[in-house]
Amino acid sequence: MMNIKNFQLGEPKTPEQIKLRNRHNAMFLFAADGTEWYECQSGFAADSIKIAYDSNGVIRSIAANKDVSTLWPAGLSVAEVPDTTANRRAVIGGGWVFDGEKVVKRVYTPEEYQEQAKVEQTVRIATATKHIAPLQDAADLAIANDTEKEQLAAWKKYRVMLNRIDLLSAPKIEWPEVPSVA
């Protein structure tokens, strides 16, 4: 199984590559060991799964229909793994890594969990603020009905509770319940 590391954009090196660049504006990728992307593609097995992964092993792309030519691994490494049920489970959302031999579920660091929680908190606060704004307008203009007043209080409480979340406890965060929308 092939594993070619760290492809980067580079200048063509052979007369044929220069001709391709000049005629078709082709770009070339070279691996850390000097391997050229287009030339190495024929070395991959037809029946394997091809993945492109970053410097942390996180899978960033998976070749469509096992066709390595569907990848453009600029800044990435490319490996092939056997076509097994376990390897077919991998997706490119950041939750899978190539450990140098096989595809495995990603184990996040405490800092990564905290960053994910911060993103989730920000999204939830933005959603709460979106709901609060028109309700607050109605209250400020003294035209809010009882339902709007109750919703305003519930959304404000929700937003306060979101701001009080201890992100250091991620991933074991108990998010407050989202208020119902009438």
Side-chain angles (χ1 to χ4, degrees), residues 1-10 27-35 37 40 44 48-68 70-133 135-136 151-181:
M1 295 276 148
M2 292 182 64
N3 183 11
I4 305 174
K5 298 180 182 178
N6 196 23
F7 282 99
Q8 300 296 326
L9 282 171
M27 296 189 300
F28 292 86
L29 296 175
F30 295 92
D33 66 1
T35 301
W37 174 237
C40 76
F44 287 89
S48 64
I49 296 172
K50 288 76 169 179
I51 57 171
Y53 62 95
D54 67 19
S55 60
N56 294 317
V58 178
I59 296 172
R60 298 297 179 192
S61 188
I62 301 172
N65 300 317
K66 303 179 194 168
D67 182 356
V68 73
T70 63
L71 298 174
W72 180 249
L76 302 171
S77 299
V78 177
E80 62 182 336
V81 295
D83 183 5
T84 64
T85 301
N87 288 335
R88 284 192 299 272
R89 290 187 182 120
V91 293
I92 61 172
W96 294 87
V97 295
F98 177 66
D99 70 0
E101 295 180 13
K102 60 188 178 304
V103 173
V104 295
K105 196 90 162 128
R106 184 174 180 185
V107 177
Y108 291 97
T109 66
E111 293 79 15
E112 289 172 323
Y113 278 125
Q114 291 165 19
E115 183 59 34
Q116 290 171 0
K118 179 66 176 166
V119 169
E120 179 69 19
Q121 181 189 45
T122 300
V123 168
R124 287 174 180 246
I125 288 171
T127 299
T129 300
K130 180 181 139 195
H131 285 279
I132 289 169
L135 297 169
Q136 187 64 57
Q151 284 186 336
L152 178 60
W155 280 105
K156 283 184 171 183
K157 179 180 178 185
Y158 174 68
R159 186 168 62 180
V160 167
M161 300 311 291
L162 287 171
N163 277 296
R164 290 182 178 171
I165 291 201
D166 175 17
L167 298 177
L168 296 177
S169 65
K172 296 179 181 181
I173 292 177
E174 289 189 37
W175 296 97
E177 188 174 333
V178 179
S180 61
V181 179

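- Residues Leu167 and Tyr113 fail the side-chain proximity criterion, which asks for heavy atoms closer than 4.5 Å.
- A pairwise comparison of heavy atoms in Val78 and Phe7 identifies CG2-CE1, 4.0 Å as the closest pair.
- A 4.5 Å side-chain heavy-atom check between Val68 and Trp37 finds at least one atom pair inside the cut-off.
- Within the 4.5 Å cutoff, no side-chain heavy atoms of Val103 are placed close to those of Val97.
- The distance from atom CD1 of Ile165 to atom CZ of Arg124, rounded to the nearest 0.5 Å, is 7.0 Å.
- Looking only at distances, no side-chain donor or acceptor of Asp67 sits under 3.5 Å from a matching main-chain atom of Ala63.
- Scanning for side-chain hydrogen bond (donor to acceptor under 3.5 Å, both in side chains) contacts around Glu80 gives Ser48, with sequence neighbours left out.
- Contact check for Glu177 versus Tyr158: no side-chain heavy atoms found under the 4.5 Å cut-off.
- The minimum heavy-atom distance linking Leu162 with Gln121 is given by the pair O-NE2, 2.7 Å.
- Between Phe98 and Tyr53, the angle of the ring planes lies from 30° to 60°, which puts this pair in the tilted group.
- Nearest heavy atom pair, residue Ala170 against residue Ala117, reads CB-CB, 3.8 Å.
- Taken to the nearest 0.5 Å, the CD atom of Gln116 stands 10.5 Å off from the CD atom of Gln114.
- Counting non-hydrogen atoms of neighbouring residues, nucleotides and ligands closer than 6.0 angstrom, the CD atom of Glu174 reaches no more than 12 such neighbours.
- The main-chain N or O of Leu152 is never found under 3.5 Å from a side-chain atom of Gln136 such that the two would form a donor-acceptor pair.
- With rounding to the nearest 0.5 Å, the separation of SG in Cys40 from CZ in Phe30 is 11.0 Å.
- Between the side chain of Asp54 and the backbone N or O of Asn56 there is at least one donor-acceptor pair closer than 3.5 Å.
- With contacts defined as side-chain heavy-atom distances shorter than 4.5 Å, the pair Thr127/His131 qualifies.
- Within the 4.5 Å cutoff, the side chain of Trp155 has heavy atoms near those of the Val178 side chain.
- Looking at Arg106, its side chain does come within 3.5 Å of a backbone N or O of Gly94 through a donor-acceptor pair.
- If you take CD1 on Ile173 and CD on Glu120, they are separated by 9.0 Å, rounding to the nearest 0.5 Å.
- Atom NZ in Lys50 sits 8.5 Å away from atom CE in Met1 (nearest 0.5 Å).
- Looking at Phe44 and Ile4, their side chains come closer than 4.5 Å, going by heavy atoms from C-beta outward.
- A distance-only check finds a donor-acceptor pair linking the side chain of Asn87 to the backbone of Pro82 [under 3.5 Å].
- Nearest heavy-atom pair across Lys5 and Ser77 is CA-OG, 3.2 Å.
- Here salt bridge (Lys or Arg N to Asp or Glu O under 4.0 Å) pairs that include residues 82-103, with residues two or more places apart or in two chains, are Lys66-Asp83, Asp83-Arg88, Asp99-Lys102.
- Ile62 is listed as a side-chain neighbour of Ile49, based on a closest heavy-atom distance under 4.5 Å.
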Candidate pair Thr70 and Asn65, rule side chain to side chain contact (heavy atoms under 4.5 Å, CB included), full reasoning: CA-CA 9 Å; Thr70 63; Asn65 300 317; over 6 Å; no
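- The CD1 atom of Ile51 sits 8.0 Å away from the CG atom of Asn3 when rounded to the nearest 0.5 Å.
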